[in-house]
Amino acid sequence: MTNSPQTAAASMRVVLLGNPNTGKTTLFNALTGHRARVGNYAGVTVEKREGPLRDAARAVTLVDLPGTYSLAAHSADEFVAVEVLLGLRRDTPRPDAVVVVADASNLERNLFLATQVLDLGLPTIVALNMIDVAEKDGLRIDAAGLSLALGVPVVPTNARDRKGVTELAVRIADADRLPVPTAPAVFPPEFVATREALATELAGLLPAGTACDAFAAGRVLLEVDGTFEERLVAAGGEPVRAAIGRARESLETAGHRLRALEARSRYQWIRTHVAPHVKRPAAGTRRASQETTERIDRVLTHRIWGSLIFLLLMGLVFQAIYTWSAPLMDGIEGVFALLGDWLGGMLPEGALQSLVVNGIVAGVGGVMVFLPQILVLFLFIALLEDVGYMARAAFLMDRLLSRFGLSGRSFIPMLSSFACAIPGIMATRTIENPRDRLATILIAPLMSCSARLPVYTLMIAAFVPEGTVAGFLSLQGLVLLGMYLVGIGVSAPVTWILKRTLLKSRTPNFLIELPPYRKPLLSNVFSRMVDRGREFLVRAGTIILAVAIVVWALSYYPRPAEVFERYESSVATANAPYLTGLASVGVAVDEAPGDAAGVEALADAHETVAVDFAAWAEELAALEFERDGELLRRSALGTMGRAIEPLVRPLGWDWRIGMAAIASFPAREVVIAVLGVIFDLGPETDEEDPRLKEKLQAAEWPDGRPLFNLPVALSLMVFFALCLQCAATIAIIKRETNSWRWPLFAFGYMTALAYIGAFLVYRVSSLLL
Amino acid sequence: MPTLDELQTGEAATVTALEGDDTYVQRLMELGLIEGVRVEFLRRAPMGDPLEIRIDNTFRLSLRREDARRIAVERAS
Ligand SMILES: Nc1nc2c(ncn2[C@@H]2O[C@H](COP(=O)(O)OP(=O)(O)O)[C@@H](O)[C@H]2O)c(=O)[nH]1
Ligand SMILES: [Mg+2]
């Protein structure tokens, strides 16, 4: 803490620390004027938000830390907040000063953390935020008195209405010139003595370079099995562990329950030193903020109304992701299709054109198309969170999900995954328990997402009879419902097993704060939404694009010359009668058309009814599709399909279905287009196309048996229901778990389940039908 | 001595003891759920669990019934 003139004018880093929901982000936005750089802390999916202090005479970087209740961290968010505060993260320099953002309407609990921070020896400012709420509740806080008691500046603020923000900014700009606060004397003398002794003892046991001052020694004692202990034991080994054990034991024998010591001591101190500066309303007076929240909660958590409203809200969220995003998604697809056509027209026919159109543009389009769903979901999540409803959703759903070893927090990610697993997986960040979060990520792709629907639609329309069951239930509808149930049904035992094996942990304790309901601040909501969208594009986009290009290459190469030769001679044969027809009316054609487009050009140039140009163009188009189908069947992908045929035979598939399934691993929805090309209909086929339905119904094994029947269709649908055919999901799992281990695990277990599921369905339905 | 989960909806009480020696209990205490603090039992979730409580007429927590069983209370008279 040197105060030399050079350092005083130099840049400074100030962190905003506080309990969750105290208004840190709102304050951060007000102090920086919404100029945040948003990223992630290395190695974890905790959001990193930094920005410059607005209108400051010197460069001050503010850091909006994740919320924490205590230095004894519990969740990933809390660990990061504490590590940044202590300067333990390599990706973030140690702060020069701390602003503790305390909720004035909940002062005692917020000061628990504040008094912990005062032990650190960093210049500290306390922002008494939500001062408006406290005043409405009848609390009178004497900021000057509080400042004397704590030994640091105390600035009342109302971040929402930007009151007190300028005063706070002025304080922050000079924060590193503040005197280092003295640690409040909260602990009993035995503890202080033991702490000093331990610090001295550890200094002898630890290797040079690992420091352990009295502060660290105190944290070691108070946080049983905590990170301070872990770090020191890692550095100094068994002797350190033993020394810590001895020190703890001496305290326990002196009658101090270590788990309780810090809370008891600090709350005791707060009550004696802080209470005199807070005038509470007379006992028994109702607090305005509590009353409002209670009135709303009486409805929103009501046994019947609460559940009903919850279902309606979730229905709305689902509907929004599923249906309302659709026009935007169609729009994006349309724009990229146009862009592809346009670029295709600019570039000469060949590998480059195909790479640009079918690899890059299609790949980028495949990334962008998820954006509407992500934005819509996060609009809702940010809104529900800002209002205070998210905690209630977890409250309502906890019982249901605890049966599978999860908690209420997993509900919204799972629901969202029915529209699309990508926003669903991104939404798991609100799950505090890391194992719960991982389990939720791993089962999210089992929920039937909207990209599976085209496969179901095609297969059901082509192979499931139209009749009804029990007189009114449509058989086709039932099969569709069944496909959704397959995913849900499988996810239950998968979760159950995961939580008992790989992700074994006691059913985590569920402890959440139900914050007061507040009016949402739309600027907060929108910046959250935009951050999420940007993050998806940058982080997942690159992987998805790479996969798209690889699959493009597999389906493009090799290009055997004889396929083109055969195509040209077929075109020549097809052209002959038409050219003769034209010659008979005196039209000489210099160059015979090479494809359907050539015929159309001729038709435009020569107005004659001597030949049927439309039929001619159609013949050539069919030949072109046949050529492209042949090229795909003989591509590297086709070779792979043939190679795996023995593997997919037990599922009732031939190599062409196997190849379509492989081609759909990057993105399951392409299967329709791939089937279209394989069955010589070209790539523009969609699932409603009656020709595709007919082609599939007519497809045969070499011995003439029909390729598809109901069991094969069911086996294919179940395979798609259970398989992780989505590069974007894999990329986002990699991103969210920060390793390739879990995406590969998800991919592996889902492929295995898909195979087994498809096999069973094929066998059983072949026997029954 | 009753435990927190045995209170009636709307009933208030004073915390007398927390049972157990794990990080969960430590966290409860850090949040202010310590001996002598006033708690109110606000409600159960529609499926019977978890519970919602209010501490010191100031903030609300939700915890599961099995965990609430570890918190001994004395009913307010
Ligand atoms: N009445 C009032 N509401 C505030 C104030 N500061 C923040 N809020 C609201 O409190 C909620 C939580 O704020 P947020 O900044 O997300 O808290 P964080 O979790 O600490 O980052 C939001 O609904 C804000 O609009 C304030 O000073 N007064
Ligand atoms: Mg925040």
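Order of the sequence lines fixes the chain letters, A, B, ..., with proteins taken first and strands second; residue numbering starts at 1 for each chain.
Environment of CD in Glu291(A): crowded, with over 12 heavy atoms of neighbouring residues, nucleotides or ligands closer than 6.0 Å. The environment of Glu249(A) atom CD is sparse: at most 12 non-hydrogen atoms of other residues, nucleotides or ligands sit within 6.0 angstrom.
Here the closest heavy-atom approach between residue Arg60(B) and residue Asp297(A) is recorded as NH1-OD2, 3.4 Å. Nearest heavy atoms, Leu42(B) versus Glu294(A): CD1-OE1, 3.8 Å. The two residues Tyr24(B) and Phe510(A) come nearest to each other via the heavy atoms OH-O, 3.7 Å. Closest of all the heavy-atom pairs between Glu513(A) and Phe59(B) is OE2-CB, 3.9 Å. The nearest pair of heavy atoms linking Phe112(A) to Glu30(B) is CZ-CG, 3.5 Å.
No side-chain donor-acceptor contact under 3.5 Å links Glu35(B) to the backbone of Arg264(A). Checked by atom type and distance alone, the side chain of Arg27(B) pairs as donor or acceptor with a backbone atom of Ala72(A) at under 3.5 Å.
Chain B forms more heavy-atom pairs under 4.5 Å with one residue of Glu108(A), Arg257(A), Met397(A) than with any other, namely Arg257(A).
Separating the NE2 atom in His74(A) from the CD atom in Gln26(B) is a distance of 6.5 Å, to the nearest 0.5 Å. The structure places CD1 of Ile34(B) at 12.5 Å from CZ of Arg266(A), a figure rounded to the nearest 0.5 Å.
With a 4.5 angstrom heavy-atom cutoff, Glu78(A) touches chain B only via side-chain atoms. In this structure, chain A has heavy atoms under 4.5 Å from both the backbone and the side chain of Leu61(B). Neither the backbone nor the side chain of Ser289(A) comes within contact range of chain B, judged by heavy atoms closer than 4.5 Å. Looking at Leu400(A), the atoms closer than 4.5 Å to chain B (heavy atoms on both sides) sit in the backbone and in the side chain alike.
Taking 4.5 Å as the limit, every side-chain heavy atom of Ser70(A) sits out of range of all side-chain heavy atoms of Met29(B). You'll find the side chain of Asp225(A) stays beyond 4.5 Å of the side chain of Thr23(B), heavy atoms only. Looking at Arg43(B) and Arg298(A), their side chains come closer than 4.5 Å, going by heavy atoms from C-beta outward.
Partners of Arg69(B) according to the salt bridge (Lys or Arg N to Asp or Glu O under 4.0 Å) rule, which considers only residues two or more places apart in sequence or in another chain, are Asp5(B).
Heavy-atom neighbours of chain A within the stretch residues 45-58 of chain B, taken at a separation under 4.5 angstrom, comprise Ala45(B), Pro46(B), Met47(B), Asp49(B), Pro50(B), Leu51(B), Glu52(B), Arg54(B), Asp56(B), Asn57(B), Thr58(B).
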Inset, instruction - Would you please test Asp21(B) and Val224(A) for side chain to side chain contact (heavy atoms under 4.5 Å, CB included) and show each step? - result: CA-CA 10 Å; Asp21(B) 189 44; Val224(A) 181; over 6 Å; no
